[in-house]
Every structure is written in structure tokens, then in C-alpha cells.
Amino acid sequence: MSAQLSIHVAGDERSVQQGTTGTDLFGEDRRVVAMRVDGQLRDLFREVPDGAAVEPVDIGSPDGLNVLRHSTAHVLAQAVQQVNPAAKLGIGPPITDGFYYDFDVETPFTPEDLKALEKAMQRIVNEGQTFSRRVVSDDEARAELAHEPFKLELIGLKGGAAEAADGAEAEIGAGELTIYDNVRRDGSVAWGDLCRGPHLPSTKLIGNAYKIMRSAAAYWRGSEKNPQLQRIYGTAWPSKEELRAYTDRLAEAEKRDHRKLGAELDLFSFPEELGSGLPVFHPKGGVIKREMEDYVRRRHIEEGFEYVGTPHISKEALFHTSGHLPYYAESMFPSFDLDGVDYRLKAMNCPMHNLVFKSRGRSYRELPLRLFEFGHVYRNEKSGVVHGLTRVRGFAQDDSHSYVTREQAPAEIKHLLNFCLGLFRDFGLDDFYLELSTRETEGEKKDKFIGSDEQWDEATAILEQVATESGLELVADPGGAAYYGPKISVQARDAIGRTWQMSTIQYDFNQPERFGLEYQAADGTRQQPVMIHSAKFGSIERFLGVLVEHYAGAFPVWLSPVQVLGVPVAAEYDDYLRGVLDRMKEKGIRTELDVSDDRFPKKIRNASKSKVPFTLIAGDEDRAAGAVSFRYRDGSQKNGVPVDEAIELVQQAITDRAQV
RNA sequence: GCCGCUUUAGCUCAGUCGGUAGAGCAAUUCACUCGUAAUGAAUAGGUCAUCGGUUCGACUCCGAUAAGCGGCUCCA
């Protein structure tokens, strides 16, 4: 048996003996943890077939990291069952920057449990266990995993792994079932798990560059109808240094947390007296909010919108007309009675704008008719989801509705998308992508949506076309549509990598019908308009929160609550500096003067901590020269700037929306 | 909503075994008038989240509620 095989290794043709494995090809290089054979990820110890194209998988590559993290998840699961043999296994896939594993246990894990598990994992890692792959039939797997009810359920779902649960495809592939045994150096089997693989050649490679991060409950297969399992999150990296870099990154992200910075910079707070998810903006946060509002109001008018105003509450019947009740009832606050009539707080502005449209006859000549306002809406968010400014119960949408003919719809959607993208650029946000949210026609969610198949198909096709033409990254979000129509949303990433839905553009054929909206066409017939909902910030509150994190509180000059902070070298120069700041105020620049009795270095420290873009210093030298000195956030200096020039410099930075 | 954790001065946090609370920063006052990240001293500040229970006695133990944190589910 010494037949020769001809294979391609990393692009080069090679002749090797039959039976050659990945380990034979790449075993020398410890960074190679798996291989791709004709595109398929494989364990290194597997034999390479004739004619195959083989690529090494580096531990630092996306595939390699997934293998590392998935194997680490196995080590965690082994540790859990070692400590608590009664723990039942859920799924344990790699995720961004780490992995998790779900367990069904009697009592949730405590922080002490997690510490103990981390130690148990280290012992397993040090044993240098190998992962041994074994193909099993469905029946064999069922027999072997009789005591693992969740794994049995997965076996039953084989082939439909994608629907089984996010991450379930790591356990079962579409093809044959496999079990991976963890084998000690003496050949004894320590543990085994139903798994598609591939895995590291040895647990040794995990080294000590892993960490258990936290535990939390998670619903089995992602549905709140199912029992909750206890999920342990962990992370794993090719080296200790990379693990350190990751934890440093998390610490850095924590410093940018808008909830923390919001309190430190005196921007906003959540008074307990008001209730969960109801923010108040302090004067400094109010400045940013107003700058955002001024900007977006002006931009809407430039883009052909007309500013309207509507109330916060209405008779409940309006929301029956719109379809919010019952389709959106869960998110609306309960009704309250006024003289025998039920009223509701509004959760969306569209029904009110429809009434503006309907207030008189409309002509095709008026279309597109674009109505816009800052609509304050109230949503009964479940207690567990309220989160800083990014998920609140009362917020302002910069909400608009464009009423158009069917023919005008694509151009209007393009118009709105460009509007949104321009806004993102002006606010300096660049880490974002588009999401196309569509309805679900199967499964339990399908009854959440109203309208005909033809309507949905047309609306979805138009949105998809515009989104694709934008050339931006586009992610599908099946089932994420509003009940009345599909939507494009712009998703922004915050400092800790979470993504937030900001702008949305929604195509709605349902509400015009439900409200009986119509316009008179050129031929004299009455036609139904299409309405296109859009919110550019989405929520003023959320957008502001994301801005705080994006800038870590160091806003560009035009958004800074205080643009220039005057720091006199001694009290003697207060008046001189006040004079300079007064001249700036006349030009609309936001200034403050530090007249506290702190000493100069302390004032500099305070100025620095407050993250103002321009600290303006004046002492004897400056006063004598009719000048001031600039100190920037990075500590750099620009001394002896003539006052006129200084004012010009600040004004320019504001106009340019510059970061300094 | 579900699971787990947390709640002490404006902020960050100590508080031993159940015997009625302490620091730093911030604030206020005084002195210092100072050129680039903390001058010194003094003063004031608390229904220990709220309500109930156990106890001679509760910040401490138990329960409920509220708010927050980490997830899940859900969303702008």
C-alpha cells in the first residue's frame, strides 16, 4: 500500500504517499491547527484524498480562531461535567471573540463555580488531550447520548441545523453524525461530545490564553417558550498577549460606556422617581440634543420635508385603524380612560401623520408629500431590555412620512437613504452597515405581518434594489420587518462592538389602505399613495448615546456642550479672559470661564477631564500681547494667538464640524 | 418578561461575629495668586433603595417591591 497521491498543497502540486494526513503535511508548524480540503474544514489527523486541494488553517485566521474557541468550549463542557456529572449539555459554538456552552443544571453557576471551572479547565488543557473523531449512525448516537436530552433533540433535527438554533451547526452538520472523544495520553477516553468538528490537534494548544467571562441564562434554541439553560461565556486566543489585548480592549470600551460618561460629563440621568427607561437631559446633554435637532430639522427642510406637530396621546380607536392594535399592542402602554373613552400613549407617529395627509383632498401634483416632526413616542419595553439611552421607554424620533405614487417610491427610497448616509458622515460615524428586514412566511412569527404576498414582494424588491445599489454591506434580517411592511435600517457599531439600529426606511402599503388615503391622479381617478416611513437618527436619545461612545465623550467642536473653557493663570487675568470669551459668545460660541479658587494646575486638570475641545489660557504674557494660548485635548499647545485669530480659529472648527 | 448578580454621602468604594456608619474625590468656607493633569486646613453631607418580618437590638439575617448590571427573548 504505497500508492502515490497527487494533491495541491497551498497551491503547489505535490506527490505524497497514500494515507498522508494533515499532520504529515503541516505538523511541523504549531500554528496550523486544521486544514481545508477542497474547501471543507478538516482535522489535521485526517487523511488527504487523491486530487485534493489542501490549505493549512492558521490558528490566528478566522477559521483557526473558531477551531481554537470551539475546542476550548469542549474543554469547558468536560470541566463542567467533571465537577457536576448531572449537567446536561446544550450547544457550545464559537462566537465573535470567544465561545459559549449551554448547560442544564439544577442550580445556576456562581462566580466561585466559574473560578473552579477555570482551574478544572487548566488541568484538562495540561493533560494534552487529543480530539478523536468517530463517525456514528443516528441510532448509535441516540444510544450513546441517551442521557443527553438536548443532544438527542439535535440529532432529530439533523439536516435542518440552520433552523435548529444559532450555533447548532457547530454540533451537527448536514451530513454524517460524528462524536469527538477527548483522549488522554495514556489512551483513556476522558470525555466525548456530539460534534461536527474540526478540533485542535491537542488541548495543549489552548495554553493559558483563555478565560471564563460570565454566566447567564439563555433559552434553549433561542425561544422563550423553551426552558432556560445556563450559558457560560468564555474567550480564547492564540497567545497570552492576545488575550491581554482583548481584555484591555474590553476595559477601554467600558470607559466609553455612555451611561458612565453621561454621568461624568453631566449630560443626562435616569431619575429613579421617573421610572425605568425615562431619561432627563441636563444642560450639557441638552446642548448636544439641541444641536442634533437643529441639524436634522434644517436638513429635513432642505430635503423637501414640511415640519408638522402631533400630540403624544390619542383615542385608542386610531391605533385600531392603523393596525397597531393588536399587531403592536405588546409594545404599547395600557389604555387609560377619559370620560368613558379609552386613550393611549402613541408608540409611533405614522397614524397621526396620516390624519394630516387626510385633512383635505390631495393632488398628484403634491406628491411626494413629505411630513416630518420630532415625534415623542412611548413604548412599553420589557423590564430586562431597558438599557441606557440606547433602549428607553420614551424617546423622540426624527420621524418622517413620504407619501408617493407607486412609481415614485424607488426614487424616494434612494433619496431617503442618501439623506441618512449624509447624516452619518456629518456626525463622523463610519462603522455601519445596512440591514434588510423582511417578513417571515413560515413559522410562528408569520402571523405578525399584514398585507398580501404581492405587496410584500414588490415592497421588498424595491428596498433590496436600492440597498444593493448603495454598494454598502447588506445583511439580511428575515422576520425583522414591521407588521405593515419591510424596512432598510442603518446599523451602527458602538464602542464595545454591539450594533444598534439607527435610521430606518420602511415601505408601507397597508396604512394608506387602512386609513383610506387617496390622491387625485392626472386622469381624474382617485389613487392610493404608498407611504414611506423614515427616521434618520432613529431615536435622538439612542443616536446621542452612540455618539457619546463613538467619541468617548470628546465631541467634535460643533457638538461640544462647552466649546471654549477659559483658564486664567491667576485671578488677576479673569477680566481679560472674560473679555475674550464675551467676544466669542457674541459669535455664538459656547464658553465657560473657570473662576474657581483652584490653583492653575488643578484647573488644567479639570479642563482636561471635562474633555472641552479648546482650553483658552491667559496670563501676563498673553495679556501684554493681546493674545491667548490654546491647550488642546492631547496636551499640545498653541501660544500667543492674537484674539481675533483665536476667534476665527474656533469659528472655523465649528463650521467645519472639525474634531480637534 | 425570564435567569443570575447588585443597591451604604453627589461620585467611587470600605464597613469584622447582629450592638445605630467611614475614606478619597466633589461641595462649602478660609488661607495661598500660582504658566500647563490634584496647595493646605476646616466644615457640612446618611431614614445604609423602599416596605414588611425575625430579634432585646438589623446596614448586617429572611421576604416583597423598585432601580441598576450581565445575558436570553424582543426592538428605534
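Numbers restart at 1 for each chain; the letters A, B, ... are given by sequence-line order, proteins then strands.
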Atom pair distance, as rounded to whole Å: [atom1] in [X] and [atom2] in [N]:
X         : N      : atom1 : atom2 : result
Phe449(A) : C75(B) : CZ    : P     : 8 Å
Leu274(A) : G68(B) : CG    : C1'   : 15 Å
Asp597(A) : U29(B) : CG    : C1'   : 9 Å
Asn606(A) : A27(B) : CG    : C1'   : 13 Å
Glu435(A) : C74(B) : CD    : P     : 13 Å
Tyr219(A) : G4(B)  : OH    : P     : 12 Å
Arg391(A) : U73(B) : CZ    : P     : 12 Å
Arg393(A) : A67(B) : CZ    : C1'   : 11 Å

Considering only side-chain heavy atoms of [X], which listed nucleotide, [options], is closest?
X         : options                : value
Ser383(A) : G70(B), C34(B), G1(B)  : G1(B)
Arg259(A) : G70(B), G35(B), C75(B) : G70(B)
Pro108(A) : U36(B), G4(B), C72(B)  : G4(B)
Glu621(A) : A76(B), G35(B), A26(B) : G35(B)
His387(A) : G35(B), G70(B), G1(B)  : G70(B)

Once you apply the 3.5 Å cut-off to both distances, tell me the Watson-Crick or G-U wobble partner of [N], or none.
N      : result
A9(B)  : none
C30(B) : G40(B)
G35(B) : none
G46(B) : none
A21(B) : none
G70(B) : C3(B)
U55(B) : none

Write down the distance separating the [atom1] atoms in [N] and [M], rounded off to the nearest Å.
N      : M      : atom1 : value
A42(B) : C32(B) : C1'   : 15 Å
U8(B)  : A14(B) : P     : 10 Å
G46(B) : A21(B) : P     : 13 Å
C3(B)  : U73(B) : C1'   : 12 Å
U16(B) : C61(B) : P     : 10 Å
C11(B) : U54(B) : C1'   : 35 Å
U60(B) : C17(B) : C1'   : 10 Å
A27(B) : U33(B) : C1'   : 22 Å

OP1 or OP2 of [N] versus the side-chain N and O atoms of [X]: is any pair under 4.0 Å?
X         : N      : answer
Tyr233(A) : C72(B) : yes
Lys603(A) : U33(B) : no
Lys609(A) : U36(B) : no
Thr504(A) : A76(B) : no
Arg631(A) : A37(B) : yes
Lys487(A) : A76(B) : yes
Arg633(A) : U36(B) : no

For Ser636(A) and Ser276(A), take the nucleotide of RNA chain B holding the closest heavy atom to each; which residue's nucleotide lies nearer the 5' end?
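The answer here is Ser636(A).
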
Need to verify one output field. Residue with the more 5' nearest nucleotide on RNA chain B, Phe630(A) or Phe537(A)?
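This one resolves to Phe630(A).
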
Given the structure, check if the side chain of [X] and the base of [N] hold any donor-acceptor pair shorter than 3.5 Å.
X         : N      : value
Glu572(A) : U33(B) : no
Arg599(A) : C32(B) : yes
Gln491(A) : A76(B) : no

Ion pair [X]/[Y], N-O distance below 4.0 Å:
X         : Y         : value
Lys255(A) : Glu252(A) : yes
Arg249(A) : Asp97(A)  : yes
Arg370(A) : Glu303(A) : no

If the test is ring pair (Phe, Tyr, Trp, His ring centres under 6.0 Å), which one of Phe419(A), Tyr307(A), Tyr295(A) qualifies with His300(A)?
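That would be Phe419(A); it is the only one of Phe419(A), Tyr307(A), Tyr295(A) passing the ring pair (Phe, Tyr, Trp, His ring centres under 6.0 Å) with His300(A).
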
Glycosidic conformation of U20(B), syn or anti, with 90° from 0 as the boundary?
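For U20(B), whose glycosidic angle is within 90° of 0, the conformation is syn.
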
Among Arg393(A), His387(A), Arg391(A), whose side-chain hydrogen bond (donor to acceptor under 3.5 Å, both in side chains) with Glu381(A) holds?
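Running side-chain hydrogen bond (donor to acceptor under 3.5 Å, both in side chains) over Arg393(A), His387(A), Arg391(A) with Glu381(A) returns exactly one hit, Arg391(A).
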
Aromatic rings His312(A) and His376(A): how do their planes relate, parallel, tilted or perpendicular, breaks at 30° and 60°?
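Correct class here is parallel.
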
Are Lys602(A) and Ser596(A) linked by a side-chain donor-acceptor pair shorter than 3.5 Å?
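Absent: no donor and acceptor within the cut-off.
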
Measuring only between side-chain heavy atoms, which start at C-beta, is Val392(A) closer than 4.5 Å to Phe270(A)?
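Yes - at least one pair of side-chain heavy atoms lies under 4.5 Å apart.
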
